[in-house]
Amino acid sequence: MAGKRAAKRDGEQMVGDAAVRLPPDCRLGALSALHAELVAALPGGAVELDGSQVERVDTAALQLLVLLCRELDRRGGTLAWRGSSAALDEAAGLLGVAKILELPAAGPA
Amino acid sequence: MATVDLSQFHKTFFEESLEGLDAMEAALLALDSGSADHELVHTIFRAAHSIKGGAATFGFADVAAFTHVAESLLEEVRSGRRAVDAGLTDLLLRSVDCLRAMLARTARGQPVADAASEALRIELTQLVAGEAAPAPAAAQAGATAVDGWDIRFVGLPHLLRSGHEPLRLFRELQQLGRLEVLRAFVGDAVAADFSTLDPGECHLGWELRLHGAVARPDLDAVFEWLDGDCELAIAPLAAVEPVAPSPEPAVAAPAAAREASAAGHADGGSIRVGIDKVDALIDMMGELVITQSMLNDIGANFDLSQLERLREGLAQLERNTRELQDSVMRIRMLPIGTVFNRFPRLVRDLERKLGKQVKLELHGEHTELDKTVLEKIGDPMVHLVRNAIDHGLELPRQRRAAGKPEAGTLRLDAHHEGGNIVVRISDDGAGLNHERIRAKAVERGLVPPDQPLGDDEIAALIFEPGFSTAAQATDLSGRGVGMDVVRRNVRDLGGSVGVKSVAGQGSVFTIALPLTLAIIDGLVTAVGGERYIVPLISIVESLRLPADAVRRTAGGGEVFRFRDEYLPVIRLHRAFGCADAVTEIGRGIVVVVEDGGQRVGLLVDELVGQQQAVIKSLEKHYRQVQGVSGATIVSDGSVALIVDVGGVVRLGRCSGKAA
């Protein structure tokens, strides 16, 4: 199934102990909490995300993840996925950000 | 954050949309018959518009996309840029059918778009895109067919907070054609530091390419609400050859319509009630409360001097209750017009199919009847109407030869007659061919060859199971599974159907139905210590017989002479096992009842009076009892059983045959 894979950036496998779990309802209302978690995870340089629980996701959430990638790029950090749900893959594909996020594009984009 | 569960509104959306489609259809038919009324076009447009809006709100993207194209077409008509012709109304009528089917599939949670709907959507799209007359606004691109659009869409920071969701937008675009995201990018205005950014602000932008022959107005409609919330640039990809018209898609209109109506009936759980009826109920409740407080008052310090006031109060209570009952029953009553409304379309389609001309007249659309009856009477009526057009009305050339106007007249008429509603379906066609019916009946062994039969008796034969004279069974009617089913359906509703026909002048089918299934007018009879209610509709006559009028048959049965025939006597006390009943024929009363043309006499002790009986199911509270259709509570509070005349007649025939 799509999503069960780790993406790496600098050639080194970086899998932290605790992944940041994206909530099932990963939409605007949940983002300030998620944002805080991501900010907290940044200093480690390697952020691992678990998107396997995501049932609903909106553009704001995907934008936050895109901005996270940008930030990690800037810092030379890495992003890895511990899993991603079909809903997440589909939305990322539709918005054309699956590549940036290194998620499998499920949509016909 | 609390989110509203929109699914609770789905049912209302479906109901309103189906009503909207009915309105569209009616208006389209009116347009079709030549009245170029601006108001009609408005009605059609409004209906399409609100279906589109609702469908988009609830996320029924396929329905929204389809309606959207139809709406674009209608907008051109409304603004006078496109003339209404037969081809256009035909296309729109097919769209109505298609939308009905789509809604039905949506309601059932099935895939909404299918090959037929896609073909129709493309046809509509091409009409809008390909043939649109050049209009100032759409002149630069809308008039020519394009094979796609390049779109640059950059969200302003407040885009997401205003409730816009690019995901939804992209899905809508996908409905129009194949969507390709060339590039997604982050704007420059975003905070440099990840930790201080505001996740609610939008900083994304996209370069999109939409492939397909999408009309500019369709595209604009997707971005319609985004004015001031985004930066938008749209450019046509390249002009191409006008798209060849797609082959006529196979449209299964009747099937689709049936599908939709089946879905509509599947959960007939709600009813729309006029506000006046609700107001009447509230008034009635008010009166009831006043009466109650008055009675309370009397009860609180009662002495005999207040007896008269108590009587008055009780009389008032009775009046209130009866009025309340009437009003509540009236809530279930709907005008038969809702059934009539489906006929103009049916007639129009049949005209085309059979090459006949039909003038449809509707009378008494406002006649009200119970919702349950209403829902079940549609199919038998459709059958009769189809029959009348298929078999009854002649082809224009035949009519001309017979000295009649080329267009046949089909008249539907509904009115109240006593406690019944009577629906007549009459045509001025060829009438029934009595000779052929008779010959067929003899051939089928339904009647002996030498039996003398009157015209009406012969006509009644067409309701016999397996009877059909159509020389060639068409796909409309005449497969021999018609009239007997009509009769059975009408009988199941407690009604009757009959036909009168004059050769060369036409036929009249008459359906008589009880106004409601929940209440019947009954004759209360006493048998022993029990009360039995005989439905008034079944009663032919009540009479007191001299003791010697009854003869015994060889098998122990009893018959008496009534008019020109001998009828079996059924002693109700014996059939239902009642003690202490009158057993001498001469001292009791014989109630002659009829069911399906068969008559029997029921022996009861005496007649108590007439009463409206609210039917309670015996099956639900006890179990099914032969000869009894239900129970009710009579005025003294005791339970009375309602006689199932059909069952009792069958009982009588059985004992008659045994005799």
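Order of the sequence lines fixes the chain letters, A, B, ..., with proteins taken first and strands second; residue numbering starts at 1 for each chain.
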> In Å, rounded to the nearest 0.5 Å, how long is the span from CG of B:L204 to CG of A:L62?
Replying inline: 8.5 Å
>> Given heavy-atom pairs under 4.5 angstrom as the criterion, report whether the side chain, backbone, both or neither of B:R171 touches chain A.
In response: both
> With a 4.5 Å limit on heavy-atom distance, are the side chains of B:V181 and A:V97 in contact?
Replying inline: no
> Of the listed residues (A:V57, A:D58, A:L42, A:L31), which shares the most heavy-atom pairs with chain B below a 4.5 Å separation?
Replying inline: A:D58
> Which heavy atom of B:A184 sits nearest a heavy atom of A:G96, and at what distance?
Replying inline: CB-O, 3.6 Å
> Could you give the distance from CG (A:L64) to CD (B:E201), rounded to the nearest 0.5 Å?
Replying inline: 12.5 Å
> With only heavy atoms counted, which part of B:H164 is less than 4.5 Å from chain A, the side chain, the backbone, both or neither?
Replying inline: neither
> From B:L167 CG over to A:E90 CD, what is the distance, rounded to the nearest 0.5 angstrom?
Replying inline: 7.5 Å
> When rounded to the nearest 0.5 angstrom, what is the spacing between CD in A:E71 and CG in B:L197?
Replying inline: 8.5 Å
> Going by heavy atoms in the side chains, are B:D198 and A:H35 under 4.5 Å from each other?
Replying inline: no
> Does any heavy atom of chain B fall under 4.5 Å from the side chain of A:L34, the backbone, both, or neither of them?
Replying inline: neither
> Is any side-chain heavy atom of B:F194 closer than 4.5 Å to a side-chain heavy atom of A:L38?
Replying inline: yes
> Which pairs pass side-chain hydrogen bond (donor to acceptor under 3.5 Å, both in side chains) with one or both residues in residues 59-70 of chain A, sequence neighbours excluded?
Replying inline: A:T59-B:E165
> A:L95 versus B:P166: any side-chain heavy-atom pair under 4.5 Å?
Replying inline: yes
>> Going by ring pair (Phe, Tyr, Trp, His ring centres under 6.0 Å), name the pairs with one or both residues in residues 166-189 of chain B, residues two or more places apart or in two chains.
In response: B:F170-B:W206
